[in-house]
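Accompanying notes for the structure given below.
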Protein chains: 2
Amino acid sequence: MALAKDAQATRDRLVAAARAEFSRQGFERTTVREIAAAAGVNPALINRYFGGKERLFAEAVAIEIDFPDLSRTPRGDIGRALIRHFFARWDGGDGDDVLRVLIGTAATNDEGAARIRDILSGQIEPMVARATGSDRARERACLIATQILGLAYVRYVLALPDTDLPPETVSEAVGETIQRYLFAPLP
Amino acid sequence: MALAKDAQATRDRLVAAARAEFSRQGFERTTVREIAAAAGVNPALINRYFGGKERLFAEAVAIEIDFPDLSRTPRGDIGRALIRHFFARWDGGDGDDVLRVLIGTAATNDEGAARIRDILSGQIEPMVARATGSDRARERACLIATQILGLAYVRYVLALPDTDLPPETVSEAVGETIQRYLFAPLP
DNA sequence: GCCGCAGGTCAACAACTGTTTACATGAGGG
DNA sequence: CCCTCATGTAAACAGTTGTTGACCTGCGGC
């Protein structure tokens with residue numbers, strides 16, 4: 001049963017509200033009072049439960065990318081498959097995906113930038129190494145990051161309409177780019 | 001001769017200082033007092049000359065991309081040429097290039113995002129139309145924007161070291177991507 | 001020499017920030 | 001039943017923010 005006083009539920013609602021607000025306005029613009037109001041709780045609880053705005057932010061952007069299983073995907077289709085996966089995940093959009101939060105906040109928040117670097121090293125690079133078996137996985141992962149983050153930036157930060165970047169065009173054109181960054185010989 | 005009281009010089013120093021500070025810290029984190037201190041002037045002058053922080057920002061991020069003349073570049077080399085141009089421009093780095101300011105601030109500042117969209121419509125898209133003569137210039141311009149902004153984001157916001165993204169790898173791999181976004185058939 | 005006024009200073013303002021402190025409340029074990 | 005302590009509240013704090021209005025300052029024309 002739902003208790004009137006439930007610490008865990010309050011924490012969860014704060015994290016959810018924080019994600020939404022940070023995503024909409026970035027770290028600096030978002031105030032703890034806004035987050036608390038959106039969560040329907042008292043602002044002081046942010047300090048009680050998380051120890052401050054910074055620590056709540058860190059909690060709100062903890063993320064696992066959970067790549068699709070590519071082991072059965074034909075080599076030639078991996079690029080397209082990756083793009084489709086990201087597309088589905090982002091545009092399925094409950095609107096507060098953490099990666100979107102990060103892209104927006106990393107720009108002015110070192111903690112956020114460090115998080116993205118962690119994802120690059122800890123999740124994208126291993127995925128590339130696994131999928132390609134090639135050396136230079138680091139370089140390839142960075143190239144892929146430029147394209148995927150750029151796509152996310154244009155779509156969600158600049159908020160270009162679908163007509164400017166039709167999903168099928170993106171899947172095809174960007175998918176092939178990823179494919180090349182994965183497998184094409186590097187200079 | 002340099003006057004002790006020179007309104008134009010003061011304005012210029014304020015804009016320059018604003019660019020540097022906004023670039024380093026983004027719009028929200030930067031205070032008018034910091035900008036004034038960096039410019040060596042009184043904070044009140046920001047309001048006198050620009051009418052507020054927002055308006056100073058708008059002035060600081062006014063930008064002309066000034067593309068290279070591509071009319072004599074062989075069709076097959078345009079992608080590479082563009083990337084080299086941006087690279088030279090960004091990394092030549094007096095450290096306060098306006099496009100870098102914009103990328104960092106647009107994330108949480110609608111005015112900034114609108115500026116980038118203006119550049120896309122007013123400068124990148126016409127350049128694409130001119131260079132390719134193709135229809136679908138808009139789509140191609142957006143695709144190019146994803147790659148170029150993503151590259152800038154990874155290099156300057158995430159601040160990955162040169163060893164992760166060696167310039168020659170970028171020129172080649174990303175150059176070819178731009179080339180494809182310019183000329184390859186779209187689905 | 002003096003005066004007007006563009007150019008620059010100074011201190012204060014009101015609003016808002018994250019955080020802390022002291023206090024209320026009510027569910028659940030004894 | 002009542003006492004306790006996790007949970008939640010309210011108010012205040014100290015600092016910072018962008019902005020403003022009243023006030024100097026000194027160059028250029030008379």
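Please read all numbers here as calculations on a predicted model, not as lab measurements.
- Listed in residue order, the members of residues 53-62 of chain A having a heavy atom less than 4.0 Å from DNA chain C are K53(A).
- OP1 or OP2 of dT7(D) has not a single side-chain nitrogen or oxygen of T10(A) nearer than 4.0 Å.
- The distance from atom CG of D6(A) to atom P of dA27(C) is 13 Å, rounded to the nearest whole Å.
- When all heavy atoms are compared, the tightest approach of A106(A) to V157(B) is O-CG1, 3.8 Å.
- Under the side chain to side chain donor-acceptor pair (under 3.5 Å) criterion, E34(B) pairs with Q25(B), sequence neighbours left out.
- The shortest distance between the side-chain N/O atoms of T31(B) and the OP1/OP2 oxygens of dT16(D) is not below 4.0 Å.
- Side-chain contact check for L149(B) versus I116(B): some heavy-atom pair is nearer than 4.5 Å.
- At whole-Å resolution of the value, OH in Y49(A) and P in dA6(D) are 11 Å apart.
- Rounded to whole angstrom, the span from the CZ atom of F50(A) across to the C1' atom of dT7(D) amounts to 14 Å.
- The separation between R13(A) atom CZ and dG8(D) atom P is 9 Å, rounded to whole Å.
- Within residues 32-47 of chain B, the residues having any heavy atom closer than 4.0 Å to DNA chain C are, in order of number, R33(B), N42(B), A44(B), L45(B).
- Seen from the ring of F22(B), K53(B) does not count as a face-on cation partner, given the 6.0 Å and 45° thresholds.
- For R48(B) and dC10(C), the CZ to P distance is 14 Å, given to the nearest whole Å.
- The shortest non-hydrogen separation linking I46(B) to V32(B) is CD1-O, 3.5 Å.
- The side-chain tip of R11(A) points at the ring of F50(A) from less than 6.0 angstrom away and within 45° of straight on.
- Regarding L14(B), its CG atom lies at a distance of 14 Å from the P atom of dG7(C), rounded to whole Å.
- Heavy-atom contacts from other residues, nucleotides or ligands closer than 6.0 Å to CG of D162(B) number more than 12.
- Side-chain N/O atoms of T132(A) and R75(A) include no donor and acceptor closer than 3.5 Å.
- Judged by distance alone, the side chain of E139(A) and the main-chain N or O of T163(B) form no donor-acceptor pair under 3.5 Å.
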